[in-house]
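Here's the structure, in structure tokens; my notes come after.
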Protein chains: 2
Amino acid sequence: MTDFAATKAMFHLPQGMIYLDGNSLGPLPLAATKRVATMMQDEWGEMLITGWNKAGWMQKSTDLGDRIGRLIGAEPGHVVMGDTLSIKVYQAVASALELNPTRKVVLSDNGNFPTDLYMADGLLRSLGDDYELRVVDPQAVGDNLSDDIAVLMLTQVDYRTGRVHDMQALTEQAQAKGIVTVWDLAHSAGALPVDLAACNADFAVGCSYKYLNGGPGAPAFIYVAPRHADQVRPALSGWLGHEAPFAFDLNYRPAVGVERMRVGTPPVLQLTALEAAMDIWDMVDMGSVRAKSIELCDLFIAEVEAQCPMLTLASPRDGTQRGSQVSFRFPEGYAAMQAIIARGVIGDFRAPDIMRFGFTPLYIDEADVRAAVAIIADVMGNALWDRPEYKIRSAVT
Amino acid sequence: MTDFAATKAMFHLPQGMIYLDGNSLGPLPLAATKRVATMMQDEWGEMLITGWNKAGWMQKSTDLGDRIGRLIGAEPGHVVMGDTLSIKVYQAVASALELNPTRKVVLSDNGNFPTDLYMADGLLRSLGDDYELRVVDPQAVGDNLSDDIAVLMLTQVDYRTGRVHDMQALTEQAQAKGIVTVWDLAHSAGALPVDLAACNADFAVGCSYKYLNGGPGAPAFIYVAPRHADQVRPALSGWLGHEAPFAFDLNYRPAVGVERMRVGTPPVLQLTALEAAMDIWDMVDMGSVRAKSIELCDLFIAEVEAQCPMLTLASPRDGTQRGSQVSFRFPEGYAAMQAIIARGVIGDFRAPDIMRFGFTPLYIDEADVRAAVAIIADVMGNALWDRPEYKIRSAVT
């Protein structure tokens, strides 16, 4: 069991704000600022170049990978941090394609986060006209697992609706057709229990700035199944994925296992902030998180539906089919979300009409949910969103 | 003219250390720790997701790109930060290859930093057997610019010896043969004046943790010449390089100009530390840096040669042919460097026998050079390196 009152006390949560957007950027762990400052002063400042060894900077990418690995059911030693999720998607898909050299199609769905599709598209265009990115409706994925497909690339939890793909079943179906799988866990890691090993997943990637609370621009992670880890050729073959980076060989020799998926110099400040977040995650059991998350989401849905009849549920009603977020559709969703944000309840908007709210038991409790709904109901019931200032779109929403 | 006493006062320099390794990892700007802490508390902590707009996080990649652009002669608006140097090499070479679609060869030299070769090799292997990475001796590059070459990929300053390629002449020769150029400025940016626009360079990349002092894992930069910026297809086509990232289109449309070379979510903590470093660089004139750097390097060479006859100069003697570092060869170079480091003079070792010292006028002055040579001469003259403890190789050197 997890003590969520204890975890909540470990975050900086602004006064007068109910933060329901941890699925986009998690809040600041209280210990993070000092930890980064100490790293900067005592390690960068005093050790300088020797910090790579003395302060263990070079190890952070694998140590943190293992700590995240526990949350997603990865075998120890098979997750490594680095780069951004976009880059890791590219690397995973490129590596997966090479495991299936006679096939030329990557299958995905139109509920995937756009950057996954963009990165795959960019890769396939580089490889030639005979490669194809095939994009189908999320519910049609199973029926489209044909034996011309090399790679199935899916995001487990839909970023807009929270709909969850059945990772176990789709992986099994895909593999039965000789397809290699790449799972994006952006909205899964820290949101719901994932068991990569039990699902027999081939590759998985994810980011650490959402539910994991690593901070803006925190690095991504990549998982390679043990059976592939010593076989794959990392298309992005950088020096830190070399067997002996500091031998400065002219020829690339991949490191043992998932280490070969490292590319360039790791972002030590970001990794240090992420360590503070993982100190909290180390106290947490994903089963407890999932149970509490479903409870909070169910309560939110019930209260919003009771108080805001103009909002239409866009997420699955069945908690087991939903990630750790709840979305509603509303034609003036952008303005409505701005008006709600102006009242201190932070959710976000996703085009064309999705109002999205994330529920993260580490720092959101039942009282927060009730208080948030009271504000949402007030804004919606009194049409407070129908003011010009809420309709001006900002660059980032 | 630059006031180097003023810039020196803006760095944290450890007591009892003379730091001649700023070409590997620059020291901590005094303002950086507070700046990052403030960003973490007041922006991440208080603004949370709204920090992307309110605190200008999304703009940092281009704003910092312009500030670095001034040091490397880039036209404003044509440099953007992101990822690591390895990733940016890949992106530049992939984009450059597509500008030259009938050719299949990338030419480089064996003095290039290994990761550049690894990344290009990884890319070319993905593209197929008809692609070739051709690696020649640095001095043979000019003679090998044949018209089957698509891309010339060079690092301007050799990381081991400091030997400088003639960027202007090689770019001109290459372009006369229809070759697209990619310049790696890892050991150039902040080390010597670079004029990308005057050289008519096509692509350039570099890192910000060496001479630019952005901290361990600070992001890379990429330059695309204005004539190519709206033409190139970024092989790594991520959502932040999309024309409208927050429209969440399923199809990729590149952003205007160099913005399309952005990939994923930027590392805001690292970018904030880099801002503190760039506040110092904004006070600096690269002509003054170059003049002072040559003076310091010349002094170091003269003093070492006078006091340490067992060391053989590995760098060009002519300051105009050398970056901002001096290297000496010594068969027991590894142990010798460990012994020197133990005495507080920090340089580094590069296999097989290179002892490397960086000179960075922003915080190294003549008195530092003389004091460093006195220690080096003592270690070498008394063979202090010939102790077992200095011969044990650590993982990172």
Side-chain angles (χ1 to χ4, degrees), chain A residues 12 14 19 21 24-25 27-28 32-33 36-37 40-41 44-46 48-49 51-53 57-58 83-87 90 94 110 114-115 117-119 121-122 126 215-217 235-239 246-250 252 263-270 273 346 350-351 394-397, chain B residues 12 14 19 21 24-25 27-28 32-33 36-37 40-41 44-46 48-49 51-53 57-58 83-87 90 94 110 114-115 117-119 121-122 126 215-217 235-239 246-250 252 263-270 273 346 350-351 394-397:
Chain A
H12 177 84
Y19 191 63
D21 208 8
S24 189
L25 174 68
L28 174 70
T33 308
V36 172
M40 291 178 73
Q41 287 298 129
W44 178 11
E46 286 294 319
L48 283 145
I49 190 67
W52 288 108
N53 274 326
W57 296 344
M58 204 49 95
D83 306 299
T84 63
L85 179 49
S86 297
I87 295 291
Y90 186 95
N110 56 32
T115 204
L117 301 175
Y118 303 162
M119 294 303 290
D121 180 62
S126 300
L236 301 171
S237 45
W239 70 308
F246 294 89
F248 300 103
D249 283 344
L250 291 182
Y252 182 75
V263 184
T265 305
V268 181
L269 277 68
Q270 306 279 165
I346 315 298
R350 288 293 176 260
S394 56
V396 187
T397 57
Chain B
H12 177 83
Y19 191 64
D21 209 7
S24 190
L25 175 68
L28 174 69
T33 308
V36 172
M40 291 177 72
Q41 287 296 131
W44 178 11
E46 287 292 320
L48 284 145
I49 190 68
W52 289 108
N53 274 326
W57 294 344
M58 204 49 94
D83 307 298
T84 63
L85 179 49
S86 297
I87 294 291
Y90 185 94
N110 56 32
T115 203
L117 301 175
Y118 302 162
M119 293 303 291
D121 180 59
S126 299
L236 301 171
S237 45
W239 69 310
F246 293 89
F248 300 103
D249 283 343
L250 291 181
Y252 181 75
V263 184
T265 306
V268 181
L269 277 67
Q270 305 281 164
I346 315 298
R350 288 293 175 261
S394 56
V396 188
T397 58

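The model shown is predicted, which means the values in this text are computed figures rather than measured ones.
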Note: vs chain B, highest number of non-hydrogen pairs under 4.5 angstrom among W57(A), Y118(A), Y19(A), W239(A) is Y118(A)
Closest non-hydrogen atoms of Q41(B) and T33(A), given as atom of the first, atom of the second and distance, are OE1-OG1, 2.7 Å
Check: Looking only at atom types and distance, does a side-chain atom of Y252(A) sit under 3.5 Å from a main-chain N or O of M119(B), one as donor and one as acceptor?
Finding: no
Tightest non-hydrogen contact, residues L48(B) and P27(A), listed as CD2-CA, 3.3 Å
Side chain E46(B), main chain H12(A), donor-acceptor under 3.5 Å
no
Sorted by chain and residue number, the side chain to side chain donor-acceptor pair (under 3.5 Å) partners of S237(B) (sequence neighbours excluded) come out as none
From the list D121(B), D83(B), L117(B), I87(B), the residue making the most non-hydrogen contacts under 4.5 Å with chain A is I87(B)
Taken in chain and number order and not counting sequence neighbours, the residues that satisfy ring-ring contact (aromatic ring centres under 6.0 Å, His included) with Y90(B) are Y90(A)
Do L269(B) and P216(A) make a side-chain contact, defined as non-hydrogen atoms from C-beta onward lying under 4.5 Å apart?
yes
Highest number of heavy-atom pairs under 4.5 Å with chain A among A351(B), G215(B), A37(B), S24(B) belongs to G215(B)
For T265(A) and T84(B) the tightest heavy-atom approach is O-CG2, 3.6 Å
Under 4.5 Å to a heavy atom of chain A? For P266(B) that would be backbone
